[in-house]
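Before any comments, here is the structure.
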Amino acid sequence: MRVRFAPSPTGRFHIGGARTALYNYLLARQTGGSFVLRIEDTDQKRYDPTAQDEIMDSLRWLGLDWDEGPDIGGPFAPYKQSERLLIYHNLIEELIDRGSAYYCFCSPERLSQVRNEQQKQNLSPRYDGYCRSLSLQDARARAKDGESHVVRFKTPKEGKTTGIDLLRDPIIVDNINIDDYILLKSDGIPVYHMAAISDDHLMEITHVFRGSEWLPTFPLHVLIYEAFEWEQPQWIHLSVFLNPTGKGKLSKRTAMDPKSGVKSVYTLDLKELGYLHEAVNNWCALMGWSYDDHTEIFPMEDLIEKFSLDKLSSSPAAVNFSKLDHFNGIYIRELPSQELKRRILPFLQEAGYRVEDETLESIIPLIRERIHTLDEAVEMAGFFFQETIHPDPSLLIGKDMTASQSAFAAQRVYEVIEALPSMECDSLENELRNLADELNLKASQLFGILRIAVTGQSVSPPLIESMEVIGKSKVLERIQEAIALLSAQSDTK
RNA sequence: GCCCCCAUCGUCUAGGGGACCAGGACGCGGGCCUUUCAAGCCCAAAACGGGGGUUCGAAUCCCCCUGGGGGCACCA
C-alpha cells in the first residue's frame with residue numbers, strides 16, 4: 001500500500017490537513033506500506049516560501065514521519081511538482097496525441113466575456129469549445145510560434161462518468177456537465193488536475209485521501225485516468241471540518257471570535273497553546289472516524305492498529321475544542337513525569353522564570369491533574385518561581401473574619417512554622433490543623449488566608465505540599481508580608 | 001442559476017430491518033469527596049429534520065421535500 005499527503009505550500013498548515021495526513025500515515029503504518037509527502041507547488045501566485053517548512057514542522061510535531069519526500073528523496077523523486085515540469089509536459093503531449101486534450105488560444109478576456117454571458121442566461125459557466133476542433137497541425141504550429149496558449153482536456157460530450165469513492169455510493173455524472181478543464185496553464189505549469197493525477201499514478205499511489213472539495217471534479221479525474229488507460233487508485237474523499245456550531249466551513253475567521261471556542265485552526269499554534277500532539281492526533285482521528293460505541297482514547301499505537309477505512313464517516317464534522325481540552329487533560333495525566341516536565345519547561349521559560357530542575361520535578365505531581373493545557377502551568381505554578389508575590393490585600397482576610405483576626409492567625413502560623421524542624425508536609429499539616437482548632441477556626445478559614453499569603457492565588461495547587469516545595473524561609477517571608485498587608489487594613493467588618 | 005455531497009442529543013459519534021421507549025463521549029446541571037481548584041466517582045436533562053412508500057416490523061432500504069455543506073478560475 002502506498003499513500004501520499006500532498007499539500008500546497010500556500011499558507012499555514014491547518015488541522016484539516018493534519019487529519020488527512022494522519023489517516024494516510026495510519027494506513028501506511030498499519031499495512032507496512034509507504035507514506036509519501038509530496039509538495040504541490042504549481043500555483044506560483046499563491047506560493048508561500050515558508051509554507052513547506054511549516055508543513056514539515058507540523059507533521060514532525062505530530063509524529064507523522066514520511067518515508068519519501070522532498071527533503072529525504074525516494075524512488076520516485078523529485079517530490080516537488082515544480083521540479084517535475086518535464087514529466088507533465090510529456091504526459092500532456094501524450095494526451096494530445098491520444099486525442100484527449102487540445103491547444104486553446106483563447107484570451108482570458110474572451111473567456112471571462114463568455115462566462116459573463118453564460119451567467120446572464122443562467123447557464124453554468126463553461127468553456128464554449130471555441131478551440132476544441134482546431135486542427136492539431138495548425139494548433140501545434142501556432143504554439144510553436146510562441147502564441148500564448150493553454151492545453152485543455154477534451155471531455156467527451158456524451159455519456160456518463162462514474163467515480164467510485166470508498167465512503168459513498170458511486171458518483172455518476174453526465175459528461176455534458178464536465179467542463180473542458182485547463183490542464184496546462186499558459187506559463188507552462190500544469191494545474192492540480194493534471195499534476196496530482198499524474199503523480200499519483202507515477203508514484204504508484206494505491207489510496208488517495210483528499211478533501212471533499214474535490215468531489216465536483218472527481219469525474220474529470222476519472223476521465224483523465226481513462227484517457228491514459230491508467231488504473232485508478234482507491235479514492236477516499238474526506239468531509240470538511242465545520243465551525244463549532246456546525247454551520248459553515250471551519251475558517252480562521254471563526255478562530256478570531258473568542259465565543260467560538262476555536263483557539264486556532266493552525267496545527268503549530270496548537271503546540272504553542274499547550275496542546276500535546278498525542279491529544280491533537282486523538283482528537284483529529286475521531287472527527288470522521290470511530291472504532292466502536294465507547295472507546296475514545298487512542299494513543300498512536302492503538303490508532304495504527306485499529307484504524308480502518310470502513311469506519312470512516314462521510315458527513316462533515318464540527319470541531320469542538322472543549323473535547324480537545326478533555327483529551328489533552330487525559331494525556332497530560334498519563335504522561336510520565338519526566339516527559340511532562342520536559343514539555344512544561346519551555347512554557348515556564350517563555351514566561352521568564354528561572355526553573356530549577358528539582359523544583360519543577362516536585363511541582364509536577366501538584367499540578368498535573370489541574371492543568372488542561374501545558375501553558376496553564378504558568379498561571380498555576382508561577383508563584384513557585386517568583387521572587388516575590390503581590391497578593392490582593394482584601395483577599396488575605398479570612399472568610400467571616402476581620403483583618404486583625406486574620407493578621408493574628410497569620411502571626412500564629414508564622415510562629416508555628418518557624419518553630420518547626422522541617423517543612424515535611426504531614427507534620428506541617430498536623431500542626432496547622434491543630435492551630436486552627438486552637439484559634440477556633442475552620443481549617444478552610446486558616447488555609448484560605450495562608451493560600452493567598454503563600455501563593456497569591458485563591459486557586460492553587462494543594463497548599464501544604466506547595467509550602468513544602470517553596471521552603472521554609474520563603475514561606476515565612478511571604479507570611480510576614482501578608483501580616484503587614486493585613487495590619488495595614490482597618491476592620492470594616 | 002447549475003452540478004455534487006451530507007443528514008441520530010448543542011457537539012463528536014455507536015447503530016447495517018426486530019437485540020433501541022436509541023448506546024458512549026465532550027459540554028451543561030446536580031451530588032459525593034475535599035484546605036481552593038482540579039482529578040475521580042455517581043445522578044440527571046438532551047437526538048433519529050419532515051412527508052410518503054417497501055415490510056409483519058424502519059434510526060436502519062427507496063422516493064420527495066427541507067436543511068446544511070462543497071464546487072462552478074490559466075487556485076488547490
Side-chain angles (χ1 to χ4, degrees), chain A residues 6-8 10 40-46 104 106-108 111-112 115 118-126 148-152 163 165 167-169 171-174 177-179 181-187 189-193 195-196 210-219 237 239-240 242 244-249 261 283 286-297 311 313-327 329 333 367-372 380 429 432-433 436 442-448 450-452 455 457-464:
Chain A
S8 299
T10 51
E40 308 217 323
D41 57 344
T42 53
D43 185 345
Q44 66 281 67
K45 289 193 204 75
R46 292 197 304 158
C104 171
C106 295
S107 67
L111 259 23
S112 71
R115 242 195 314 272
Q118 287 166 330
Q119 271 163 350
K120 238 179 270 173
Q121 294 171 58
N122 269 342
L123 296 167
S124 307
R126 212 102 73 196
S148 177
H149 66 279
V150 301
V151 175
R152 288 180 181 275
D165 175 281
L167 268 36
R168 43 208 115 213
D169 291 337
I171 292 157
I172 304 164
V173 175
D174 287 322
N177 286 321
I178 306 173
D179 203 356
Y181 286 93
I182 287 171
L183 261 24
L184 186 73
K185 295 182 276 185
S186 58
D187 60 5
I189 299 174
V191 299
Y192 171 90
H193 307 303
R210 40 150 47 165
S212 64
E213 65 269 23
W214 293 111
L215 242 18
T217 45
F218 183 21
H237 291 89
S239 59
V240 293
L242 266 24
T245 52
K247 305 239 184 277
K249 189 162 77 160
W283 179 61
L286 255 24
M287 285 188 283
W289 176 80
S290 62
Y291 177 66
D292 58 19
D293 65 349
H294 65 279
T295 316
E296 293 230 285
I297 302 305
K311 303 289 274 180
S313 159
S314 54
S315 50
V319 300
N320 182 346
F321 272 73
S322 59
K323 191 129 187 176
L324 208 212
D325 287 341
H326 169 72
F327 283 134
R333 273 169 257 138
I367 64 171
R368 87 177 312 146
E369 287 181 350
R370 273 163 258 267
I371 57 175
H372 295 96
M380 181 71 66
E429 176 163 4
L432 291 175
R433 284 188 186 278
K442 281 186 260 178
S444 60
Q445 287 176 298
L446 188 63
F447 289 172
L450 258 186
R451 184 183 309 283
I452 301 288
T455 71
Q457 304 166 189
S458 51
V459 171
S460 81
L463 179 63
I464 312 293

Selection from B/U11, B/C74, B/G69 that lies nearest to any side-chain heavy atom of A/L111: B/C74

Under 4.0 Å between any heavy atoms, over every strand shown, what does A/P108 touch: base, sugar-phosphate, or nothing? Just pick one. base

Just to be sure I understand the rule, does A/S315 reach a base, reach only the sugar-phosphate, or reach nothing, if contact means heavy atoms closer than 4.0 Å? sugar-phosphate

Determine whether A/L450 and A/L432 make a side-chain contact, defined as any pair of heavy atoms from C-beta on separated by less than 4.5 Å. yes

Classify the nucleic acid contact of A/P461 as base, sugar-phosphate or nothing, counting any heavy atom under 4.0 Å across all strands shown. base

Any base atoms under 4.0 Å from A/P7, or only sugar-phosphate, or nothing? Heavy atoms, all strands. nothing

Is it the case that the base of B/C75 and the side chain of A/R46 share a donor-acceptor contact (distance under 3.5 Å, atom types as modelled)? yes

Within the pair A/R333 and B/G40, is there a side-chain N or O less than 4.0 Å away from OP1 or OP2? yes

I'd like the P distance from B/C12 over to B/A47, given in whole Å. 16 Å

Using atom P in both nucleotides, what's the gap between B/U54 and B/G15 to the nearest angstrom? 28 Å

Counting any heavy atom closer than 4.0 Å, what does A/K311 reach on the DNA or RNA strands: base, sugar-phosphate only, or nothing? sugar-phosphate

Expressed as a whole number of angstroms, how long is the span from A/R168:CZ to B/C4:C1'? 10 Å

Distance in angstrom units between A/E213 CD and B/A73 P, rounded: 16 Å

Could you give the CZ-to-P distance, from A/F321 to B/C12, as a whole number of Å? 14 Å

Do the side-chain N or O atoms of A/K185 get closer than 4.0 angstrom to the phosphate oxygens (OP1, OP2) of B/C75? yes

Integer angstrom distance from the C1' of B/G52 to that of B/U13: 29 Å

So A/V240, base contact, sugar-phosphate only, or nothing? Heavy-atom distance under 4.0 Å. sugar-phosphate

For A/I367 and B/C37, give me the distance from atom CD1 to atom P, rounded to whole Å. 18 Å

Could you measure between the two C1' atoms, the one in B/G29 and the one in B/G70, and give it in whole Å? 38 Å

Taking only side-chain N and O atoms of A/H372, does any of them lie within less than 4.0 angstrom of OP1 or OP2 on B/A39? yes

Return no unless some side-chain N or O of A/R368 is found under 4.0 Å from OP1 or OP2 of B/A39. no

Output the rounded distance in Å from CZ (A/F218) to P (B/C4). 14 Å

Any side-chain N or O of A/H326 under 4.0 Å from OP1/OP2 of B/C26? yes

Starting at CG of A/L167 and ending at P of B/U13, how long is that distance when rounded to a whole Å? 12 Å

Touch check for A/T217, heavy atoms < 4.0 angstrom, all strands: base, sugar-phosphate only, or nothing? nothing

Using Watson-Crick or G-U wobble geometry with both distances below 3.5 Å, tell me the partner of B/G10, or none. B/C26

Distance check needed: B/G10 C1' versus A/K247 NZ, whole Å only. 11 Å

Please confirm whether the shortest side-chain N or O distance from A/T10 to OP1 or OP2 of B/A76 is below 4.0 Å. no

Can you confirm whether A/K185 is buried at NZ, in the sense that more than 12 heavy atoms of other residues, nucleotides or ligands lie under 6.0 Å from that atom? yes

Check A/K323 with A/E296, please: is the shortest side-chain N to carboxylate O separation under 4.0 Å? yes

Are A/I452 and A/S458 close enough that some pair of their side-chain heavy atoms sits under 4.5 Å apart? yes

Can you say whether the rings of A/W214 and A/H193 are parallel (under 30°), tilted (30 to 60°) or perpendicular (over 60°)? perpendicular

Would you check if A/F218 and A/D165 make a side-chain contact, meaning some heavy-atom pair closer than 4.5 Å? yes

NA contact type, A/E296, heavy-atom cut-off 4.0 Å: base, sugar-phosphate, or nothing? base

From B/A14, B/C74, B/C37, nucleotide with atom closest to A/S186 side chain: B/C74

Say we look at B/A22 and B/C63: how far apart would their P atoms be, to the nearest angstrom? 28 Å

Tell me what A/D293 touches on the nucleic acid: a base, only sugar-phosphate, or nothing, going by heavy atoms under 4.0 Å. base

Using the side-chain contact (heavy atoms from CB on, under 4.5 Å) rule, take A/I297 and A/F327 through it: C-alpha gap first, then chi angles, then the decisive distance, then the call. CA-CA 8 Å; A/I297 302 305; A/F327 283 134; 3.7 Å; yes

Any-strand Watson-Crick or G-U partner of B/C72, both distances under 3.5 Å: B/G1

With sugar-phosphate meaning primed atoms plus P, OP1 and OP2, does A/G329 contact a base, only sugar-phosphate, or nothing at under 4.0 Å between heavy atoms? nothing

Separation of B/C2 atom P from A/D179 atom CG, nearest Å, is 17 Å

Side chains of A/R333 and A/E369, heavy atoms from C-beta outward: is any pair under 4.5 Å? yes

Side-chain donor-acceptor pair under 3.5 Å between A/R168 and A/S314, yes or no? no

What interatomic distance, in whole Å, is found between P of B/C4 and the corresponding atom of B/G10? 31 Å

Reckon A/V191 touches a base, only the sugar-phosphate, or nothing at all at heavy-atom distances under 4.0 Å? sugar-phosphate

With a cut-off of less than 4.0 Å, is there a side-chain N or O of A/S314 near OP1 or OP2 of B/C5? no

Touch class at under 4.0 angstrom, heavy-atom based, for A/L463 against every strand present: base

Phosphate-side-chain proximity, A/K249 and B/G69, N/O vs OP1/OP2 below 4.0 Å: no

Look at all strands and tell whether A/P244 reaches a base, only sugar-phosphate, or nothing, counting heavy atoms closer than 4.0 Å. sugar-phosphate

Sticking with atom C1', work out how far B/G27 lies from B/A46, rounded to a whole angstrom. 11 Å

Give one of base, sugar-phosphate or nothing for A/K442, where a contact means two heavy atoms less than 4.0 Å apart. nothing

Roughly how many Å apart are B/C65 and B/A25, using the C1' atom of each and rounding to a whole number? 33 Å

